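These notes are about the structure you will find just below.
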Amino acid sequence: MANHTASPSISLYSFSLVITGLVLFSSFIDGNAAVNRNLMAPRTHNFHTIKVSSLLPDSVCDSSSQGYKLPSSSSLKVVHKHGPCNKQHRTNSPPSPSQILAHDEARVQSIKARIIALNSVGNTFTTSESVTLPAKSGLSLDTLNYVVTVGLGSPKKDLSLAFDTGSSLTWTQCQPCVESCYKQRDPIFDPSESSGYTNVSCNTPECNQLQIRGCNGTTCLYQVGYGDNSYTIGYLAKDTLTLSSAETITDFYFGCGQNNHLLGSDQVAGLLGLGREESSIISQTSTKYGKIFSYCLPSSSSGSGYLTFGNSGISNSVQYIPLGNSNKFYVIDITGIYLNDQKLAISPTVFSTKISIIDSGTVITRLPSEAYTTLRDAFRQQMSMYPMGRPESLFDTCYDLSKYTEVNTPKISIEFGGNQKIELAMTGVLYAVSSSQMCLAFAANSDTSFPTILGNVQQKTMQVVYDLAGGKLGFGPNGCA
Ligand SMILES: *[C@@H]1O[C@H](CO)[C@@H](O)[C@H](O)[C@H]1NC(C)=O
Ligand SMILES: *[C@@H]1O[C@H](CO)[C@@H](O)[C@H](O)[C@H]1NC(C)=O
């Protein structure tokens with residue numbers, strides 16, 4: 001099966017199209033523009049006090065993390081891909097902060113491209129087309145820093161998968177790797193060793209729902225190309241997915257990848273798709289788990305968090321905001337930003353004229369540049385007692401904290417829907433490039449066509465609840481450490 005790649009004539013990226021998803025946002029005009037211009041508030045208990053060392057990466061897995069108790073039997077432990085709690089952790093060096101930030105920018109570019117792309121469900125490719133690069137239907141992958149371990153097949157084989165709210169089809173590399181498999185730590189999944197494995201045939205709804213599909217004989221072929229030129233092509237398959245000894249999902253549809261290219265280091269066995277399309281695990285388990293899931297991303301690469309399917313373990317202190325309609329993205333309605341409880345003077349239209357989404361795979365929150373500049377200027381005023389450090393990549397506001405053991409950072413809250421204010425954990429305020437470059441962990445979008453994205457640094461330690469059935473998204477403090 002050498003040639004089952006896509007035709008470049010499939011027009012996934014039609015920039016001339018009207019952005020259907022954006023129509024929704026024009027309704028998010030906040031009538032209440034009463035902004036507080038007093039940015040020079042006196043220093044108060046509003047400030048977070050953080051140990052500078054706690055912001056730097058750790059080389060040892062926290063002992064508390066090793067004995068970490070998951071909230072429910074439908075929970076998976078979440079660890080950082082490059083951190084010491086990933087049992088696959090390699091000795092080769094993790095990507096540098098500037099590489100991470102460059103990949104992050106590539107992911108944002110691919111989100112933008114997908115937002116303006118044609119809704120391309122149903123594109124087909126045939127095995128006779130001899131084109132080398134698949135069309136890009138997905139996002140950049142190398143920023144997917146959070147990994148879970150699932151069991152696939154019967155008997156189950158453990159696989160470490162990166163999880164992604166920005167894409168839907170779960171896939172793993174599969175024997176016999178007809179074209180190509182990249183190096184991974186887990187043994188590559190072998191369908192011939194699983195009694196439950198079956199290929200899915202072309203004439204099935206599951207095949208027809210794929211964004212890009214093809215057929216070899218009667219076997220349905222899937223293809224996903226990502227924004228960083230990673231891709232996977234293979235058979236659409238089904239088998240049993242095991243979350244824990246008490247929780248299995250029979251007839252779970254996934255991609256059995258026969259031609260796989262993944263950029264980056266510390267290779268995972270594939271991807272767990274938590275997106276909104278039909279192929280996502282969330283849609284597939286809607287009867288069992290009611291289209292609700294939650295996760296907590298650990299504060300440091302040496303900690304552990306969780307990904308829970310269903311409504312168990314959701315804290316009473318979770319605050320909910322409306323989740324916008326979209327068949328691709330988790331759309332949210334950001335309306336303002338607070339610094340130390342002072343609302344910043346940002347016109348609500350700065351946000352309402354653009355799409356805003358939450359994404360588990362974008363590292364740094366992206367703001368419209370007017371919003372970023374206002375936040376940055378106010379932040380600099382509040383941080384004026386600290387020496388500034390060199391700017392780095394996306395970051396223009398960095399501090400040299402190498403001579404400090406503690407730092408007081410102002411608190412940042414995001415306002416949603418015009419009235420819900422959610423305070424970010426202190427880990428969401430400063431991003432450590434090194435102790436001499438601790439940077440305001442936000443970035444400006446380079447042009448106005450980019451979406452506002454709530455990234456994963458700003459989600460850390462919070463319990464983030466995706467209630468698709470209820471049309472809402474929740475944030476609770478102290479979900480994990
Ligand atoms: C199609 O399937 C046949 C039989 O399994 C196999 O020999 C061939 O390589 C496959 N071709 C493609 C393009 O998948
Ligand atoms: C799945 O389909 C491929 C291609 O048609 C074939 O080579 C392979 O043997 C099939 N696997 C099973 C278990 O039927």
Side-chain angles (χ1 to χ4, degrees), residues 1-7 10 121-135 137-138 150-161 167-184 186-226 230-243 248-262 267-273 277-281 283-285:
M1 47 176 286
N3 295 328
H4 55 286
T5 47
S7 158
I10 294 174
V121 173
N123 277 318
T124 57
F125 65 105
T126 66
T127 53
S128 63
E129 282 166 315
S130 56
V131 178
T132 46
L133 266 189
S137 50
V150 297
L152 186 64
S154 11
K156 78 175 176 80
K157 297 288 163 59
D158 283 348
L159 298 171
S160 298
L161 305 179
S167 62
S168 294
L169 183 69
T170 296
W171 60 269
T172 187
Q173 299 200 102
C174 259
Q175 297 288 8
C177 298
V178 172
E179 273 294 299
S180 167
C181 283
Y182 56 81
K183 251 175 93 178
Q184 67 177 49
D186 302 312
I188 293 175
F189 182 72
D190 187 348
S192 71
E193 290 176 359
S194 172
S195 61
Y197 178 94
T198 38
N199 283 336
V200 173
S201 63
C202 293
N203 279 331
T204 55
E206 288 76 15
C207 186
N208 286 319
Q209 281 155 1
L210 293 176
Q211 240 185 344
I212 306 176
R213 59 188 150 79
C215 285
N216 178 7
T218 57
T219 304
C220 179
L221 302 175
Y222 77 93
Q223 162 184 317
V224 191
Y226 297 95
S230 297
Y231 62 89
T232 173
I233 302 166
Y235 312 127
L236 183 66
K238 58 181 180 174
D239 206 337
T240 300
L241 183 74
T242 300
L243 303 179
T248 56
I249 300 158
T250 50
D251 289 341
F252 178 68
Y253 289 84
F254 66 99
C256 178
Q258 301 295 329
N259 185 3
N260 312 284
H261 287 265
L262 186 59
Q267 305 290 44
V268 291
L271 182 144
L272 182 68
E277 287 143 313
E278 302 284 348
S279 58
S280 133
I281 185 171
S283 309
Q284 290 193 45
T285 59

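Just so it is clear, the structure is predicted and the values come from calculations on it, not from any experiment. Counting starts at 1 for both ligands and their atoms, following the listed order.
Closest approach of Ser154 to Ser194, counting heavy atoms only: N-OG, 3.0 Å. Closest approach of Arg213 and Cys207 over heavy atoms only: CD-O, 2.8 Å.
Each of the following atoms of ligand 2 lies closer than 4.0 Å to a heavy atom of Tyr197: 13 (C). In the vicinity of Tyr235, heavy-atom distances shorter than 4.0 Å reach the ligand 2 atoms 3 (C), 4 (C), 7 (O).
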Working for side chain to side chain contact (heavy atoms under 4.5 Å, CB included), residues Leu169 and Thr232: CA-CA 11 Å; Leu169 183 69; Thr232 173; over 6 Å; no

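Distances from atom 14 (O) of ligand 2 to the heavy atoms of Asn199, Asn216, Thr198 show the closest one on Asn199.
Counting only heavy atoms from C-beta outward, the side chains of Tyr222 and Val200 never approach each other to under 4.5 Å.
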